[in-house]
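This report concerns only the one structure given below.
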Amino acid sequence: MKLIGLYMLALLGGVFLAVQAGFSSQLGSLLKQPVLAVIFTSLTSAFLGVLFVLFWGKPSFQMFSIPEIPWYLWWIGGLFSMAGISLYFYAIPKVGISKIIALGLCGQLLFSLIAGNFGWLNLPVEPITPKRLIGALAMTLGILLINTK
């Protein structure tokens, strides 16, 4: 797939995550428990993911590769997902979706710049260049403008 197509998929994924956050925060408010909303959202995601793999997935999963996967990789993503999504579901009804999504993007942006610069999480190194730093500052300024009256 061409790079522009991948960029469009990332943009669409961001839209989907914002829509999901809006609906799921409503569920968390009605349940009076954001963590329950995370549980139901995660169960639905898992169910639909299994259906997707069964009907459209490539037969690339190999049982013999399971022992080679570090034990913590099965759980650590879920831990951060549950914590992050719970924080969103709790805060969105109190502050508003645009502010929370903007602040969340700011957190993602800052962490991704630092993690990419040092190659954390076993990802490719992406040094912080003046151009990237200016872009991050511009985005951060935009986020600040979104969040001020």
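- For W56, the ring pair (Phe, Tyr, Trp, His ring centres under 6.0 Å) partners at least two apart in sequence or on another chain are F52.
- Taking both residues in full, the closest heavy atoms of M82 and V35 are given as SD-CG1, 4.2 Å, listed atom of the first, atom of the second, then distance.
- Remark: the backbone N or O of G77 is not paired with any side-chain donor or acceptor of S81 at under 3.5 angstrom.
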Item to complete: Report the C-alpha distance between L141 and L137 in whole Å, list the side-chain angles of each, state the deciding distance to 0.1 Å, and finish with yes or no for side chain to side chain contact (heavy atoms under 4.5 Å, CB included).
Response: CA-CA 6 Å; L141 178 62; L137 290 172; over 6 Å; no
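- Within the model, atoms CD1 of I101 and CD1 of I143 stand 11.0 Å from one another, a figure rounded to the nearest 0.5 Å.
- F16 contributes atom CZ, which lies 9.5 Å from atom CG of L9 (distance to the nearest 0.5 angstrom).
- Annotation: ring pair (Phe, Tyr, Trp, His ring centres under 6.0 Å) contacts of F80 (sequence neighbours excluded): none.
- A distance of 12.0 Å separates CG in L109 from CG in L103, rounded to the nearest 0.5 Å.
- The shortest non-hydrogen separation linking L110 to T140 is CD2-OG1, 4.5 Å.
- Both I114 and L123 belong to a common hydrophobic cluster when Ile, Leu, Val, Met, Phe, Trp and Tyr are linked at side-chain heavy-atom distances under 4.5 angstrom.
- Distance alone, capped at 3.5 Å, places no donor-acceptor pair between the S24 side chain and the A21 backbone.
- Across every non-hydrogen atom of S98 and I146, the tightest pair is O-CG2, 4.2 Å.
- The hydrophobic cluster containing L31 also contains I97, counting ILVMFWY residues as joined when their side-chain heavy atoms lie under 4.5 angstrom apart, directly or transitively.
- The local environment of NZ in K94 is crowded, with over 12 non-hydrogen atoms from other residues, nucleotides or ligands closer than 6.0 Å.
- For the pair W74/I66, a side-chain contact is recorded, criterion being any heavy-atom separation below 4.5 Å from C-beta on.
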